[in-house]
Amino acid sequence: MSLVIFFTLLKIAFSADADLPNDAPKLAAKLGFGWNLGNALESCSDSNSASETSWGNPATTQALIDAVKKAGFNTVRIPSAWSGYIENTTTYKIKDSWLKRVSEVVNYTIKNDMYAILNIHWDGGWLEENPTFDKQKEVNAKQKALWTQIATYFEGYDEHLLFAGTNEVRKDYGTPSDENIEVQNSYLQTFVDAVRATGGNNKIRNLVVQGYNTNIEHTVNYLRIPSDNATHRLLVEIHFYDPYDFAGEGNSQNYLWGKSYANSGHVSSWGQESWVDEAFGMLKKNFVDKQYPVILGEYGAVHRTHLSGDDLVQHTAARKYYLNYVTQAALTNGVVPYYWDNGGTGDNGFGLIDRNNYSQAFPDDIKAITSAKR
Ligand SMILES: *[C@@H]1O[C@H](CO)[C@@H](O)[C@H](O)[C@H]1NC(C)=O
Ligand SMILES: *[C@@H]1O[C@H](CO)[C@@H](O)[C@H](O)[C@H]1NC(C)=O
Ligand SMILES: *[C@@H]1O[C@H](CO)[C@@H](O)[C@H](O)[C@H]1NC(C)=O
Ligand SMILES: *[C@@H]1O[C@H](CO)[C@@H](O)[C@H](O)[C@H]1NC(C)=O
């Protein structure tokens, strides 16, 4: 072999293309059912005393992620806090110990041949709650500093690791103003630019950008995809808890969902099957069909174990139907679903897997998700 050929082969073997052969559409096709490691690494407090256990879950272990894999999931979203793990508020230097701990958890997934999505989550709100001109400069400086460090630390990881720039950035829960959209978009552009600038694998790593408040309609109406030098390496993220009085408000009277219960008096006035179909259909038309895969980064429904008798029986059936229906609508429209598991397996919890003994707290609900057809 000539030296020229040898060095050419060597270059290919060690290039980013070898580690990350799949662009976003191809990678999305490899992502199966997703699961959120919720209320864990994103736990934080107002003071600088963050800890991954401060929201009540035990520290994450390899055994937990093994149980997630065994349950049928092949990708894990890892919401993460950073602000409470900074050692210098001028440079925003992240503590080495925290980067190491996050990488340990990322490794639990990758060792299982699963895919991981790492983000900057709520994180006390500095990024999430400030899409306004008065905060734009300060937030972008911090966003750039954090993503530069995170991306640098994880640069050597192959395509099993994706980064997601933000979580649910919003001013409030209403319709965004032009200002809100412009500033939110700048937070995404800063993320993409900061990651790409660290070079190596990060030049083409698949990155996830979020619509305003991860709301489907706002995403369809307002998301401006950041400019990116890499081709087809961006995914779009939305979340879905509609109708919230069923999915998220455990104490509301609307504990049933779907056509079987339409006349029960316990079904929300909106957000039923036709809305699910319409919402996910919009994502397919506006993004998936245009080479921007979409992840449903969070969805789920609380389990109201305070109910009893027939109410509980019907609620349990409705919840299974909802989880299956939403998962199926996502898959049918090319959207990758990530169930929101916050570890809470008691009343009004989203947990599916017990974080202490790794058993399946609600095996039927897990099956409702993983029996949807790809
Ligand atoms: C933080 O970084 C700045 C800029 O490098 C430096 O001047 C300052 O001393 C650092 N502060 C601490 C607490 O280390
Ligand atoms: C994570 O895995 C990488 C690649 O195998 C390894 O280099 C690194 O030391 C691991 N990190 C930790 C904290 O175990
Ligand atoms: C993207 O490409 C343009 C033109 O080649 C270059 O000027 C710019 O610095 C690149 N941006 C990044 C983030 O690498
Ligand atoms: C796991 O813990 C839960 C809650 O304490 C308990 O109900 C369940 O039986 C345990 N499962 C196993 C397999 O130990």
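Each ligand, and each atom within it, is numbered from 1 in the order the structure gives.
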Atom pairs and distances, ligand 2 N/O vs protein N/O under 3.5 Å:
from	atom 1	to	atom 2	distance (Å)
ligand 2	2 (O)	N107	OD1	3.2
ligand 2	2 (O)	N107	ND2	2.3
ligand 2	11 (N)	N107	ND2	2.9

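- Judged as a side chain to side chain contact (heavy atoms under 4.5 Å, CB included), and not counting sequence neighbours, the contacts of T91 are N88, K93.
- Of the candidates N202, N107, N201, N107 is the only one forming a side-chain hydrogen bond (donor to acceptor under 3.5 Å, both in side chains) with Y157.
- Alongside Y173, the hydrophobic cluster contains no other residue (criterion: ILVMFWY side chains under 4.5 Å).
- Within ligand 4, counting atoms from 1 as listed, the ones closer than 4.0 Å to a heavy atom of S359 are 1 (C), 11 (N), 13 (C).
- The ring of F73 has its center no closer than 6.0 angstrom to the ring center of Y339.
- One finds no salt bridge joining K26 and E159 here, because no Lys/Arg side-chain nitrogen approaches an Asp/Glu carboxylate oxygen to under 4.0 Å.
- Listed by number with element, the atoms of ligand 1 under 4.0 Å from a non-hydrogen atom of T91 are 2 (O), 4 (C), 5 (O).
- Ligand 4 is approached by D354 to a heavy-atom distance shorter than 4.0 Å.
- With ring centers used as reference points, W340 lies 6.0 Å or more from Y241.
- The list of salt bridge (charged side-chain N to carboxylate O under 4.0 Å, His left out) pairs with a residue in residues 130-146, not counting sequence neighbours, is empty.
- Below 3.5 Å of separation, one finds no N or O of T90 facing any N or O of ligand 1.
- T175 places a side-chain heavy atom less than 4.5 Å from the side chain of Y222.
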